[in-house]
There are 2 protein chains.
Amino acid sequence: MATAARRGPYFCGIDAAMDVVAGKWKSLILWELHHHGIRRFAELRRGLPGVSEKMLIQHLREMEEDGLVHREVYREVPPKVEYSLTEHGVSLNVALASLGEWGTARMGRIGAEKISGDVAATARR
Amino acid sequence: MATAARRGPYFCGIDAAMDVVAGKWKSLILWELHHHGIRRFAELRRGLPGVSEKMLIQHLREMEEDGLVHREVYREVPPKVEYSLTEHGVSLNVALASLGEWGTARMGRIGAEKISGDVAATARR
DNA sequence: CGGCATCCCCCACGATACTG
DNA sequence: CAGTATCGTGGGGGATGCCG
């Protein structure tokens with residue numbers, strides 16, 4: 001069963017926000033959806049090298065439950081499902097922007113490498 | 001041995017930032033140190049109800065290794081150790097501010113409760 | 001006071017296989 | 001294509017006890 005966020009009680013706002021973003025891939029899913037607007041399941045998979053099918057769907061479901069992601073199902077053959085950010089999800093991404101800049105600066109500071117596009121999934125421990 | 005951040009490679013800045021903040025209490029430690037400036041070990045413990053001694057010291061060491069926290073040891077009897085944020089740690093906290101506001105807003109949205117205590121009580125705007 | 005050492009548990013996460 | 005189902009595991013994290 002998907003657990004999603006524990007929904008409190010929290011120590012403070014950061015605690016509540018981290019709860020929703022906790023999970024190995026959630027912030028990356030946010031990032032991916034933010035930059036592409038709408039993405040199909042397979043597109044998301046390709047955008048997140050190394051993610052397993054199971055974790056991707058699980059995180060997506062939890063984020064949907066938390067009101068961050070919208071899931072649109074098209075009853076066709078072959079199946080087609082589109083994921084996008086809700087208003088709430090967009091606002092979270094905006095709030096994450098400054099953190100992203102900090103992280104980028106830190107990467108330069110410590111000389112960390114960046115995973116570009118479809119470079120090896122194995123790069124990630 | 002403490003692992004601290006994996007130090008890359010990363011997908012993006014958010015990835016790098018989340019890596020450093022990942023851990024059940026790290027963001028809360030940041031918050032606590034930010035609002036009190038300098039704190040002794042026992043003070044931090046009291047400010048984070050529920051944290052175990054082991055996790056607190058482990059997270060503090062990792063954050064020190066990541067350059068976020070400064071550890072000042074006084075060779076006295078009884079022992080005295082003071083923790084504070086480095087410049088880098090302060091900048092991370094600044095970057096976390098907007099996320100904290102988002103989380104606070106979300107708490108209202110979903111009707112989550114707040115853990116009352118030193119951390120929450122000292123939060124002011 | 002401020003740690004470090006140990007034991008142990010749970011579950012987030014991964015791998016694999018199958019389905020509408 | 002977009003999922004389910006199931007099993008196994010690593011390590012994050014809790015509890016407890018000892019030490020300078």
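In what follows, every chain begins at residue 1, and chains take the letters A, B, ... in the order their sequences are listed.
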Do the side chain of B:Glu53 and the base of C:dC4 come within less than 3.5 angstrom through a donor-acceptor pair of N or O atoms? yes
With a 4.0 Å limit, can you tell me whether B:Arg39 has a side-chain N or O closer than that to the phosphate oxygens OP1/OP2 of C:dG2? no
Rounded distance (Å) that lies between atom C1' of D:dC1 and atom CZ of A:Arg46: 10 Å
Whole-Å distance separating the CD atom of B:Gln58 from the P atom of C:dG2: 19 Å
Rounded interatomic separation in angstrom, taking NZ from B:Lys80 and C1' from C:dG3: 17 Å
From CG of B:Leu56 over to P of C:dC4, roughly how many Å is that when rounded to an integer? 11 Å
Looking only at side-chain N and O atoms, does B:Arg45 come under 4.0 Å of OP1 or OP2 in C:dG2? no
Whole angstrom is fine here: how far is it from CG in A:Asp19 over to C1' in C:dA12? 14 Å
State which of C:dG14, D:dG20, D:dG3 makes the closest approach to the side chain of B:Pro79. D:dG20
B:His88-A:Trp102 aromatic ring centre distance below 6.0 Å: yes
Contact class for B:Glu76 (heavy atom, under 4.0 Å): base, sugar-phosphate, or nothing? nothing
Looking at B:Arg40, does any N or O in its side chain come under 4.0 Å of the phosphate oxygens OP1/OP2 on C:dC1? no
Can you find a side chain N or O atom of A:His59 that sits less than 4.0 Å from OP1 or OP2 on C:dC13? yes
From CD1 of B:Ile57 across to C1' of D:dA15 the rounded distance in Å is 17 Å
NA contact type, A:Arg71, heavy-atom cut-off 4.0 Å: base, sugar-phosphate, or nothing? sugar-phosphate
Identify whether B:Leu28 and B:Ile115 are in the same connected component of the hydrophobic contact network (ILVMFWY, side-chain heavy atoms under 4.5 Å). yes
Linked hydrophobic residues, A:Tyr10 as query - side chain contacts closer than 4.5 Å: B:Met107
Distance criterion of 3.5 Å, no angle test: do you see the side chain of B:Lys54 paired donor-to-acceptor with the base of D:dG13? yes
Rounded to whole Å, please give me the gap between CE in B:Met55 and C1' in C:dC9. 14 Å
Is there a salt bridge (charged side-chain N to carboxylate O under 4.0 Å, His left out) between A:Glu72 and A:Lys80 once you walk through the steps? CA-CA 9 Å; A:Glu72 189 74 34; A:Lys80 176 180 171 185; over 6 Å; no
With no hydrogens and no angle check, do the side chains of B:Arg39 and B:Tyr83 hold a donor and an acceptor under 3.5 Å apart? no
note: B:Lys24, atom NZ; D:dG14, atom C1'; distance rounded to Å ~ 8 Å
Measuring to OP1 and OP2 of D:dC1, would you say a side-chain N or O of A:Tyr83 lies under 4.0 angstrom away? no
